[in-house]
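What's counted below: heavy atoms across the whole structure, side chains too, no hydrogens, waters or symmetry copies. Computed from a prediction, not measured in an experiment: that's the story for all the values here.
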Amino acid sequence: MNRQGIEPIRGGYVNVDIQGRRNRIYFETAGQGQPLLCLHTAGSDSRQYRGIMNCAQITERFEVICFDLPYHGKSSPPEGWEKHEYQLSSQLYLDSILGVMDALEIRDPVAMGCSIGGRVVLHLALRAPERFKALIGLQSGAHVAPYYNLEWLHRPDVHGGEVCAGIVSGLIGPHAKDADRWETLWHYMQSGPGVFKGDLHFYKAEGDLRELASRIDTARCPLYLLTGEYDYSCTPDDSRALARDIAGAQLAIMPGLGHFPMSEAPADFIAHLLPVLAQIQA
């Protein structure tokens, strides 16, 4: 089938046991070659990587693989979710990623994550470096201090999707095109009740790595950090401090970009990503 306008992206579902609970996980792939596993931000989903999945310069050498965490995007919560408050922990996050990798038989991938995904690649570097060819952290910092009341993200008197989008709107770089800005925010407006708040349990509290980041051994798994300059959730100085703590980590600051580089300005971000991918494959 060769119909005009169809993007070269394939999607499907895989069933994964995560911490004893069955999860129906949605995933997409594009391209061929070295696996490139992309991890979305808190409260959003893998649609953020649409630019990467449609970039022939990447997909001719990499098989790009994206999946929606449980509760996110087209992945449903596990059975019985209504009886529990969703809270993402470091262990649950790692078990989810490694479980999907096992289910899809993904071997030795490059893993790239943004925001909470940028934090979890640091956890992967600490606890499972042998599973990865390299790790790329977008907007990666060891910790972020609370700067708003999380209770606003899940209240009966507030529209959850709109308040989530409102909170992250200031994190987008000022030069993003309107279409990309609003598509990035639309993904947040569609987030399930309490999901963004539950993700931030990991990002703002439980996943703090300030005391452990220096233990990351980049000789076991190379670590690359790419940070947009317009970000008050993970500032360039936050990433610089992280890079100083991790011997061998390579950091680049991306001018003009914000907290969601892959979705707010795909072409600009890809220009920064391609040299990193070339170095990994060298």
**Student:** If I compare all heavy atoms of N54 with all of R50, which pair ends up nearest, and what's the gap?
**Tutor:**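 Distance-wise, the nearest heavy atoms are ND2-O, 3.0 Å.
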**Student:** Are the side chain of S140 and the backbone N or O of G118 linked by a donor-acceptor pair below 3.5 Å?
**Tutor:**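 Yes, the answer is positive, given that a donor and an acceptor are paired below the 3.5 Å cut-off.
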**Student:** Does a donor on one side chain sit under 3.5 Å from an acceptor on the other, for Q279 and Q250?
**Tutor:**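 Yes - a donor-acceptor pair under 3.5 Å links their side chains.
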**Student:** Out of curiosity, C164 SG to K197 NZ, how far, rounded to the nearest 0.5 Å?
**Tutor:**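 Taking SG in C164 and NZ in K197, the distance rounds to 11.0 Å.
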**Student:** Distance-only, no hydrogens or angles: does the Q139 side chain make a donor-acceptor pair with backbone N or O of G228 under 3.5 Å?
**Tutor:**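 Between the backbone of G228 and the side chain of Q139 there is a qualifying donor-acceptor contact (under 3.5 Å).
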**Student:** To check you understand the geometry: which heavy-atom pair defines the closest contact between D68 and S46, and what is its length?
**Tutor:**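 In terms of heavy atoms, the two residues are closest at OD1-OG, 2.7 Å.
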**Student:** What pairs with R21 under salt bridge (charged side-chain N to carboxylate O under 4.0 Å, His left out), at least two apart in sequence or on another chain?
**Tutor:**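 Once residues adjacent in sequence are excluded, R21 has no partner under the salt bridge (charged side-chain N to carboxylate O under 4.0 Å, His left out) criterion.
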**Student:** Out of curiosity, L124 CG to C221 SG, how far, rounded to the nearest 0.5 Å?
**Tutor:**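 One finds 8.5 Å between CG of L124 and SG of C221.
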**Student:** Does Q57 have more than 12 heavy atoms from other residues, nucleotides or ligands lying within 6.0 Å of its CD?
**Tutor:**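 No, CD of Q57 has 12 or fewer neighbouring heavy atoms, counting only those of other groups under 6.0 Å.
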**Student:** One pair to check against ring pair (Phe, Tyr, Trp, His ring centres under 6.0 Å): Y188 and F196. What are the steps and the verdict?
**Tutor:** CA-CA 8 Å; Y188 273 86; F196 187 29; 5.3 Å; yes
**Student:** If we check side chain to side chain donor-acceptor pair (under 3.5 Å) with R61, which of these qualifies: Q32, Q34, Q281?
**Tutor:**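 The passing option is Q281.
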**Student:** Are any side-chain N or O atoms of E229 and backbone N or O atoms of G256, one a donor and one an acceptor, separated by less than 3.5 Å?
**Tutor:**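 Checking the backbone N and O of G256 against the side chain of E229, a donor-acceptor pair under 3.5 Å is found.
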**Student:** Under 3.5 Å, is there a donor-acceptor pair between the side chain of D238 and the main chain of T235?
**Tutor:**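 Looks like yes, one N/O pair under 3.5 Å.
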**Student:** Check V121 against L135 and note the closest heavy-atom contact, atom names and distance.
**Tutor:**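 Scanning both residues completely, I find the closest heavy atoms to be O-CD1, 3.4 Å.
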**Student:** Among D180, T41, T184, which residue satisfies the side chain to side chain donor-acceptor pair (under 3.5 Å) criterion with S263?
**Tutor:**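 Running side chain to side chain donor-acceptor pair (under 3.5 Å) over D180, T41, T184 with S263 returns exactly one hit, T184.
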**Student:** Would you say the side chains of Y26 and S76 form a donor-acceptor pair under 3.5 Å?
**Tutor:**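 Their side chains do not contain a donor-acceptor pair, so the 3.5 Å distance test is not met.
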**Student:** Answer yes or no: does atom CD of E60 have more than 12 heavy-atom neighbours from other residues, nucleotides or ligands under 6.0 Å?
**Tutor:**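 Enclosed: over 12 neighbouring heavy atoms sit under 6.0 Å from CD of E60.
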**Student:** Is R131 salt-bridged to D102, cutoff N-O under 4.0 Å?
**Tutor:**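 Yes, R131 and D102 are salt-bridged.
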**Student:** Give the C-alpha distance, both sets of side-chain angles, the deciding distance and a yes or no for side-chain contact (heavy atoms from CB on, under 4.5 Å) between V276 and L226.
**Tutor:** CA-CA 9 Å; V276 173; L226 294 171; 4.2 Å; yes
**Student:** Which distance, rounded to the nearest 0.5 Å, do you find between the CG of L225 and the CD1 of I246?
**Tutor:**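 One finds 6.5 Å between CG of L225 and CD1 of I246.
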**Student:** Does a salt bridge link D237 with R240, judged by any charged N lying under 4.0 Å from a carboxylate O?
**Tutor:**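 Judged by the 4.0 Å cut-off on N to carboxylate O distance, D237 and R240 do form a salt bridge.
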**Student:** Heavy-atom count around H154 NE2 within 6.0 Å, excluding the residue itself: above 12?
**Tutor:**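 It does not: H154 NE2 has 12 such atoms or fewer within range.
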**Student:** Counting neighbours of CD on Q19 that are heavy atoms of other residues, nucleotides or ligands and sit closer than 6.0 Å, is the number greater than 12?
**Tutor:**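 Counting other residues, nucleotides and ligands, CD of Q19 exceeds 12 neighbours.
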**Student:** Once you measure the plane-to-plane angle for F202 and Y93, does it fall in the parallel (<30°), tilted (30-60°) or perpendicular (>60°) bin?
**Tutor:**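 Rings of F202 and Y93: perpendicular, as their planes differ by over 60°.
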**Student:** Tell me the salt bridge (Lys or Arg N to Asp or Glu O under 4.0 Å) pairs involving residues 105-125, sequence neighbours left out?
**Tutor:**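 For residues 105-125, and leaving out neighbouring residues, there are no salt bridge (Lys or Arg N to Asp or Glu O under 4.0 Å) pairs at all.
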**Student:** Within this structure, what is the NE2-OG distance for the pair H72 and S96, rounded to the nearest 0.5 Å?
**Tutor:**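 Here the rounded value is 9.5 Å.
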**Student:** Restricting to non-hydrogen atoms, name the atom on L171 and the atom on E264 that form the minimum distance, rounded to 0.1 Å.
**Tutor:**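 It is O-OE1, 4.1 Å.
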**Student:** Does the pair Y13 and F27 meet the rule for a ring pair (Phe, Tyr, Trp, His ring centres under 6.0 Å), with working shown?
**Tutor:** CA-CA 6 Å; Y13 282 90; F27 70 96; 8.1 Å; no
**Student:** Is H201 reaching over with its side chain to a backbone N or O of D199, donor-acceptor style, under 3.5 angstrom?
**Tutor:**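 Looks like no, no N/O pair under 3.5 Å.
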**Student:** Assess whether atom CZ of R215 is packed by more than 12 heavy atoms of other residues, nucleotides or ligands within 6.0 Å.
**Tutor:**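 No, not enclosed.
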